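Quick caveat: nothing in here was measured; it's all calculated off a predicted structure. When a ligand or atom number is given, it counts from 1 through the structure's own listing order.
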Amino acid sequence: MLTPGLNEEYSVYLDNAATSFPKPEQVYEAVLRTMRDVGASPGRGGYHRSLEAGRILFQAREAAADFFSISDSSRIIFTQNATEALNLALQGTLVAGDHVVTTSMEHNSLLRPLYALRNKGVELSIVPVASDGVVDVEDIRRVVRVNTRMIAVSHVSNVCGAIQPIRQLAELCREIGVLFLVDAAQSAGYLPIDVEHGAIDLLAVPGHKGLLGPAGTGLLYAASHVPLRPVIQGGTGSHSTAEEQPQVMPEGFEAGTHNLPGIAGLHAGIEFIRARGLSAVYQHEFNLLNQAEQALRDISGVTVYGPSNNSERCAVLSFTASGVDSALLAAELDHGFDIAVRAGLHCAPLAHRMLGTLPGGTVRLSPGWSTTSEEIAFFSDAVVQCISKIRKSA
Ligand SMILES: Cc1ncc(COP(=O)(O)O)c(C=O)c1O
């Protein structure tokens, strides 16, 4: 039986929305094997180590393509995280005079590149969402203009876990002939994403969250009809006499040395999820979030944000306790119980304006593949104790 209290044997990590931890053993092994036994850079030499590195890179690309139902793996560009993928998707397609529509639920990794583009003449509409965090497709339709070039949304909110209606948004994009960019930072590895049937033109994915790869991994999928421009210039191992960056997929968009150990680890993470089954991963997450939500709602003065129905939520749960500072509660959980949760704005300030949780933000928990029901029970008990301690000392 687990007892709350500082216990060196027992540390609970509930911040998988930031980055997943722990990784499956296979991921650590793939990273180590690639660093120690292969060592070379792909596409940079004709010797056998470099060829083996090229094979590892290709196989990881194929696995990622298969995972998201992408028929041509060369449309996948490896990046170092979702932020880089989003920057490439936005800066590599939009020009002054274009109009983009997004929502008030977005992460700064989507908003800040858009603000920077706005300073260069790109027009931006940010559509407010309902109090459950879900955007109304008709609200998006209402702001579309003749020069609208793209609709860009996150699949799942990293603040309250609300799942956006990406199927209907994709249909709208097809109907009006604009690009559809999906930020899958909180959905990849949890929800099924069928890129081609789902009519997604650009998909930004972190490798280090739900896909269980190492930090420093991510990818961007760009459909063949997307006229993507590289935003980083440099060596590609091919077309070496060209002065201009070759716009060849994928290497023209992956200038410089790859994070091959990371990419090998990402491949192992994808295989791990595939072997477990995406629906089993989702169900596990759903059960834990359900358990946490019920326990939190039983605590007096606690408010849980986002969809009231947990089937409309994925990956994360945010809450506040009346009279309790979120940062202090997270610190108490860490210091008193060795429980890692995140407090604050979670890099999504507009979402908090909508939820009414400015300036302190919320406490966010995000369980992962290895989180257990006992850990959620331990967390819930710890929250009760921390809230009571903070309220008493106020
Ligand atoms: C919705 C959303 N988009 C983008 C990002 C950025 O992801 P990365 O840390 O891989 O750059 C995050 C990270 O938390 C996120 O939650």
Side-chain angles (χ1 to χ4, degrees), residues 13-21 23 64 76-91 100 102-116 126 129 133-135 151-164 166 169 180-191 193 200 202-221 231-232 259 262-263 265-266 269-270 285 289 305-306 313-318 340-352 354-355 361-368:
Y13 183 78
L14 293 175
D15 197 16
N16 288 273
T19 200
S20 51
F21 177 79
K23 312 292 182 186
I76 288 182
I77 299 158
F78 284 117
T79 60
Q80 55 170 319
N81 46 39
T83 302
E84 189 189 338
L86 287 166
N87 272 269
L88 175 55
L90 297 167
Q91 294 170 26
V100 188
T102 190
T103 82
S104 60
M105 288 311 287
E106 306 310 324
H107 190 276
N108 275 340
S109 291
L110 182 63
L111 290 174
R112 284 184 173 153
L114 283 174
Y115 294 145
I126 302 177
V129 303
V134 180
V135 69
I151 293 175
V153 298
S154 52
H155 190 180
V156 167
S157 158
N158 70 309
V159 175
C160 65
I163 303 172
Q164 301 299 351
I166 61 163
L169 287 168
F180 187 36
L181 164 60
V182 176
D183 171 359
Q186 298 300 342
S187 59
Y190 295 111
L191 295 176
I193 301 176
I200 295 169
L202 292 149
L203 182 78
V205 176
H208 62 101
K209 299 185 198 267
L211 293 184
L212 307 178
T217 58
L219 62 90
L220 176 71
Y221 159 77
V231 297
I232 293 178
N259 173 11
I263 291 169
L266 170 58
I270 291 173
E285 186 81 5
L289 288 177
Y305 296 91
R313 179 201 309 282
C314 181
V316 305
L317 193 72
S318 255
V341 290
R342 187 169 169 191
L345 302 184
H346 320 297
C347 301
L350 305 183
H352 289 275
M354 184 279 298
L355 295 171
T362 56
V363 178
R364 180 185 78 177
L365 69 136
S366 46

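You'll find the side chain of N87 stays beyond 4.5 Å of the side chain of V231, heavy atoms only.
Protein residues having at least one heavy atom under 4.0 Å from any atom of ligand 1 are A17, N81, A82, T83, H107, S109, N158, D183, A185, Q186, P206, H208, K209, listed by chain and number.
Environment of CZ in F21: sparse, with no more than 12 heavy atoms of neighbouring residues, nucleotides or ligands closer than 6.0 Å. More than 12 heavy atoms of other residues, nucleotides or ligands shown are found within 6.0 angstrom of CD1 on I126.
Side-chain N or O atoms of T102 include one that pairs as donor or acceptor with a backbone N or O of A152 at under 3.5 Å. Using modelled atom types, no side-chain atom of S157 and backbone atom of M105 make a donor-acceptor pair closer than 3.5 Å.
Rounding to the nearest 0.5 angstrom, the gap separating the NE2 atom in H352 from the NE2 atom in H346 is 4.5 Å.
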